[in-house]
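Sequence lines set the chain letters: A, B, ... in the order given, protein chains first and strands last, and positions in each chain run from 1. All heavy atoms count here, side chains included; hydrogens, waters and symmetry mates do not.
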Number of protein chains: 2
Amino acid sequence: MPRWKPDAVERLQAAALDLFDEQGFERTTVAEIAQRAELTQRTFFNHFPDKREVLFEMSSKLRQEIVGEIEAADHDLEPLDAVMHAFEVVADKLLESRRAVVVRRYAVIAANRELQERELGKNAVLTESVAAALTARGCDPATAFLAAGAAMLAQQAAFQQWTRPGETRTLRDLLPDAVRALRTTVGVS
Amino acid sequence: MPRWKPDAVERLQAAALDLFDEQGFERTTVAEIAQRAELTQRTFFNHFPDKREVLFEMSSKLRQEIVGEIEAADHDLEPLDAVMHAFEVVADKLLESRRAVVVRRYAVIAANRELQERELGKNAVLTESVAAALTARGCDPATAFLAAGAAMLAQQAAFQQWTRPGETRTLRDLLPDAVRALRTTVGVS
DNA sequence: AAGGTGATTTCAGCTTGTGCAATCACCCTA
DNA sequence: TAGGGTGATTGCACAAGCTGAAATCACCTT
């Protein structure tokens, strides 16, 4: 018999998502999350630097995958196309199969300002990483920043559509449409 | 002799900016800010809902001005051009004359994650407001979201350039260049 | 069998943020 | 000029987030 039940981190994440979903982020205390996971508050803070971070473990893995795909992308692609291709691959590999959980998590985040701000922070870090990956391909930094930001914008548009109830298309399929819409909106001068 | 020294809010803002600048956001307590402003911690929280918000009073006024300019803009302008024009007007009216303070405040924000997240949250609210103003002009919501996001992206690029030491151009003059660069980067495929 | 490892726990303490009641100079009105 | 209302400020008590230090103890190595 092991000294401790296994998978403490996963238990904390599951307990937190459930509780945030049931009663909201603010009305849930860390002690409560820990109790449901059969752990203590101190153990929660051993695994997560703050109460919000328990919902964001995936974002780091996502970022690494995306950066890897950009580095591996055909070197002839325009910056924006390279990033969008990376988003498409990662959408297929990591997001499509977990649609239900992703949508639930997104609803929890959308319901609370602190969590929205943390999400925006994660997106900003991702944008920086994407820009850095583009710079490593030979892009100048200013262009890399704009391409990364534009790609994030298209990604967000596609993601919002993907999480709409009744939407049947895959995220991968929605991304090219979003880029087309962005190109039309920004226009050619 | 008045019962209290006047301008409590301004004194708190000045004390906070100074202390954050001197010793960092995290190592500054609210009690310390209040003390320097010759007030109490409780009074600080009467004026600001949390410690971060003391740096963000301007963002609400900025947002109102921008939305107003979009509503007043020539109805024939493309969505992106309408937003960029609003940014140019507001840059002249509210930002250019306060360059020194704006740059100092930006440096403080850039040095702390919590403040960056709050700033991103304010930007997101601004983006929503801009999109709403465009929708009110007859834009469909999806296009409004993309135009607002693209304008914010160009604005950020111009702003970053504007805050660089040695930069002599005005923010208003930098904005059109940023839009041109964005158009080139998003490109025609 | 002895000793080190490392996840977990306990505890004490600081900081943020809030509700509530009290203060008291200023202003308005009678 | 007296009296009462206003409203910015304050003190107090307390919940909740978060941290450093030290203790525990099943498991693993040797």
**Asked** Are more than 12 heavy atoms from other residues, nucleotides or ligands located less than 6.0 Å from atom CD of A:Glu65?
**Response**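 Correct, the count exceeds 12.
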**Prompt:** Has A:Gln23 got more than 12 heavy atoms of other residues, nucleotides or ligands less than 6.0 Å from its CD?
**Reply:**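 Atom CD in A:Gln23 is packed in, count exceeds 12.
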**Request:** Can you sort out which residues in residues 34-46 of chain A have a heavy atom within less than 4.0 Å of DNA chain C? Ascending by number, please.
**Result:**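 A:Leu39, A:Thr40, A:Arg42, A:Thr43, A:Asn46, in order of number.
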**Asked** Listed in order of residue number, which residues of residues 12-31 of chain B have a non-hydrogen atom at under 4.0 Å from DNA chain C?
**Response**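 DNA chain C contact set from residues 12-31 of chain B: B:Thr28, B:Thr29, B:Val30.
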For atom [atom1] of [X] and atom [atom2] of [N], their distance in whole Å:
| X | N | atom1 | atom2 | result |
| --- | --- | --- | --- | --- |
| A:Ile33 | C:dT8 | CD1 | C1' | 18 Å |
| A:Asp50 | D:dA16 | CG | C1' | 14 Å |
| A:Asp7 | C:dA7 | CG | C1' | 13 Å |
| B:Lys5 | C:dC26 | NZ | P | 16 Å |

**Message:** Does A:Glu96 form a side chain to side chain donor-acceptor pair (under 3.5 Å) with A:Trp162? I'd like the steps, not just the answer.
**Reply:** CA-CA 10 Å; A:Glu96 202 61 48; A:Trp162 185 59; 3.3 Å; yes
Sequence neighbours excluded and cut-off under 3.5 Å, please list the side-chain donor-acceptor pairs for residues 149-161 of chain A, or say none.
unit_1, atom_1, unit_2, atom_2, d
A:Gln161, OE1, A:Arg164, NH1, 3.2
A:Gln161, NE2, A:Glu167, OE1, 2.6

**Request:** Scan side-chain atoms only and decide if B:Thr43 and B:Asn46 contain a donor-acceptor pair under the 3.5 Å cut-off.
**Result:**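 Judged by distance alone, the side chains do not pair up.
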**Asked** With no hydrogens and no angle check, do the side chains of B:Thr143 and B:Asp140 hold a donor and an acceptor under 3.5 Å apart?
**Response**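 Yes, B:Asp140 and B:Thr143 have a side-chain donor paired with an acceptor closer than 3.5 Å.
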**Asked** So which one's nearest nucleotide on DNA chain C is more toward 5', B:Trp4 or A:Val9?
**Response**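 With A:Val9 and B:Trp4 compared, the 5'-side residue is A:Val9.
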**Message:** Would you say that A:Glu53 contacts A:Lys122 through its side chain, given a criterion of any heavy-atom pair below 4.5 Å between the two side chains?
**Reply:**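 A:Glu53 vs A:Lys122: side chains touch.
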**Asked** If only side-chain N and O atoms of A:His47 are considered, is one of them under 4.0 Å from the OP1 or OP2 phosphate oxygen of C:dT8?
**Response**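 For C:dT8, OP1 or OP2 has a side-chain N or O of A:His47 closer than 4.0 Å.
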**Prompt:** Just one of A:Arg169, A:Arg183, A:Arg172 clears the salt bridge (Lys or Arg N to Asp or Glu O under 4.0 Å) bar with A:Asp177, so which one?
**Reply:**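 Passing option: A:Arg169.
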